[in-house]
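Labels below follow one simple rule: chain letters A, B, ... track the order of the sequence lines, proteins then strands, and each chain is numbered from 1.
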Amino acid sequence: MIPTGFEYERATSVADAVARLRASNGAAKLIAGGHSLVPLMKLRLSEPGRLIDIARIPELCGIRQVGDAIEIGAATVHHDVATSPLIATRCPMLAEAAAEIGDPQVRNRGTLGGSLAHADPSADYPAVILVLNATIHIVGPGGERVVQAATFFKDLLTVDLDPQEVIVSVRFKPVVSAGYAKLHQRASHYAIVGVAGVLDIQGGVVRSACVAVTGASTHAMRLSNVEHALAGQPLNDESIHKAASIAGAGVAVVNADVHASEEYRRAMIPVFTKRALEKARARSSA
Amino acid sequence: MSQVAIIVNGKARKADVEPRMLLVHVLREQFNLTGTHLGCDTSQCGACTVLVDGRSAKSCTIFAVQADGSEVTTIEGLATDGQLHPLQKGFWDAHGLQCGYCTPGMIMSAVTLLRDTPDPTEAQIREGIAGNLCRCTGYQHIVDAIQLAAGRR
């Protein structure tokens, strides 16, 4: 399959990428790993007149500790997140989620920023970014702005990102007591349902919980009823089971496709919520 | 047209390409390296897997212009001095193929797997080739072949 013709150029810095985006007057799209964009272009579902390659901009790559936070450059590939010793130690849920994205070849090319900007309803990262309360750092013609994960994902393939802006990095406070559990589509390895959960535990009691689902609806979203059900409860099999059993109840639109019916997806949200919370609990006591 | 310079199997190569030309087509049609196969053309089957800068990648999902300045290794670049690569030998000895269509991609994925995990478990091998589909073997002999190759290195 051959995409529509386009012009190709490489940006040398974030400022250069923003300038090139601006100069293209809306004709250009950014490409880094291209593992969301290239398949769409081959199907001619996306037909940009120009591609600006940002994969090799040094300031967009890498995983760093910044104070008590971790910062990941937007062009960092999934493999690097999955195998980072810093992420494995400080935020194992994120390494776990990154290691389950697609397949090895996809993880060698696909990037964090690309996944977030594209916001596929079945992408893994959005659920994890939501429960980490991460901030997304964006540069555009008007300078830098910071968007909370909670307000970034808007709707189907729609995020708070202007066509002239570049995602530069994602920043979050790492947390150990968190887990990601996912029902894989067997060929593409997209999440039919994926749930991320973070537990803040003190003295065996859940002070607060953050839970989010991906794959189920138009975009990743928090499961606030599960969070409320857990808050203030002693952490045990019963409280996890009870909270997980209502997961997805408040989600109005649930996807149905060739891989899973709405009924099946609805049935799987509590199952994978429970698994994510159990992983979080296991890590909290490790 | 754009000119791309890619080091393919250790040799510097140049090609004039339209930006929309996929790496797999440049390898096969301009460099005549037809060992890399185009399978599903939708980023799922892995038949087109090559190494880009040392790591497995699906050449149907990369524009050749993106690989400008990179090093690419195809199945043709594995054997040295007429000696098959341990993985090629492993696939031969353990009957890791039937029709052979998926084989070059399987082997290139396995090269990256064994680089990251020199002594993989069966589960790690199956995860390592999760991006490659085979419709003949049921995968068992492929897993055996990779295990055999890992043990011989």
Side-chain angles (χ1 to χ4, degrees), chain A residues 1-11 28-56 61 75 77-80 82-83 99-111 114 120 184-190, chain B residues 1-4 17-25 38-70 105-106 108-117 120 124-133 135:
Chain A
M1 292 180 290
I2 310 296
T4 317
F6 59 86
E7 290 172 52
Y8 171 89
E9 51 196 49
R10 280 187 189 174
K29 262 188 167 305
L30 300 176
I31 188 167
H35 272 48
S36 297
L37 184 59
V38 175
L40 285 177
M41 289 175 65
K42 288 171 72 178
L43 293 167
R44 303 203 175 193
L45 292 171
S46 179
E47 299 181 292
R50 184 180 299 244
L51 288 186
I52 300 167
D53 193 338
I54 55 170
R56 299 182 191 213
C61 297
V77 298
H78 310 324
H79 172 78
D80 290 347
T83 57
E100 291 204 39
I101 297 171
D103 54 50
Q105 295 96 312
V106 171
R107 295 195 289 274
N108 287 337
R109 303 286 304 180
T111 66
D120 190 284
H184 289 250
Q185 200 285 317
R186 297 306 308 176
S188 69
H189 301 277
Y190 270 113
Chain B
M1 297 289 264
S2 307
Q3 191 180 68
V4 293
V17 299
E18 272 193 74
R20 62 175 167 171
M21 189 171 241
L22 297 164
L23 178 60
V24 64
H25 293 307
L38 186 64
C40 70
D41 208 0
T42 58
S43 324
Q44 298 190 55
C45 82
C48 64
T49 301
V50 298
L51 306 185
V52 178
D53 296 324
R55 300 201 63 81
S56 59
K58 292 175 185 174
S59 60
C60 83
T61 312
I62 301 172
F63 295 120
V65 286
Q66 291 177 273
D68 183 29
S70 289
M106 282 285 178
M108 300 317 284
S109 285
V111 168
T112 299
L113 166 70
L114 294 188
R115 206 187 86 164
D116 291 349
T117 319
Q124 286 171 322
I125 292 174
R126 289 185 185 275
E127 174 52 34
I129 56 168
N132 297 75
L133 299 180
R135 299 292 79 178

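Only the side chain of B:Asp116 has a heavy atom closer than 4.5 Å to any heavy atom of chain A. Of the atoms belonging to A:Leu51, it is side-chain heavy atoms, and not backbone ones, that fall under 4.5 Å from chain B. Contact of A:Thr4 with chain B is made through the backbone alone, with heavy-atom distances under 4.5 Å. For B:Cys60, the parts lying under 4.5 angstrom from a heavy atom of chain A are both the backbone and the side chain. Using a 4.5 Å cut-off between heavy atoms, B:Ser109 contacts chain A through its side chain alone, with no backbone atom that close. For a residue to count as touching a neighbouring chain, one of its non-hydrogen atoms must lie under 4.5 Å from one of that chain's; by this rule A:Ile31 touches chain B with the side chain only. Contact annotation for A:Arg186: neither backbone nor side-chain heavy atoms come within less than 4.5 Å of a heavy atom of chain B.
Taking chain B as the reference chain and counting heavy-atom pairs below 4.5 Å, the highest number among A:Gly5, A:Ala99, A:Ala187 is found for A:Gly5. The choice from B:Gln66, B:His25, B:Met108, B:Glu127 that makes the most heavy-atom pairs within less than 4.5 Å of chain A is B:Gln66. Of the listed residues A:Met41, A:His189, A:His79, A:Glu7, the one with more heavy-atom pairs under 4.5 angstrom with chain B than any other is A:His79.
In plain terms, the two heavy atoms of B:Ser70 and A:Arg56 that are nearest each other are OG-NH2, 2.9 Å. When every heavy atom of A:Pro39 is checked against every heavy atom of B:Ser43, the shortest pair comes out as CG-OG, 3.6 Å. For the residue pair B:Asp41 and A:Lys42, the shortest heavy atom distance occurs at OD1-NZ, 2.6 Å. B:Pro19 approaches A:Tyr8 most closely through the heavy-atom pair CB-CB, 3.8 Å.
Distance check, rounded to the nearest 0.5 Å: CD of A:Gln105 to CD1 of B:Ile129 gives 10.0 Å. The distance from the NE2 atom of A:His35 to the CD1 atom of B:Ile62 is 6.0 Å, given to the nearest 0.5 Å.
When atom types are taken as modelled, the side chain of B:Arg55 and the backbone of A:Arg109 share no donor-acceptor pair closer than 3.5 angstrom.
Ion pair B:Lys58/A:Asp103 flagged as a salt bridge, since at least one NZ, NE, NH1 or NH2 atom sits closer than 4.0 Å to an Asp/Glu carboxylate oxygen.
Side-chain contact check for B:Leu22 versus A:Val38: some heavy-atom pair is nearer than 4.5 Å.
Under the side chain to side chain contact (heavy atoms under 4.5 Å, CB included) rule, A:Pro3 has a single partner from B:Met21, B:Glu18, B:Arg20, which is B:Arg20.
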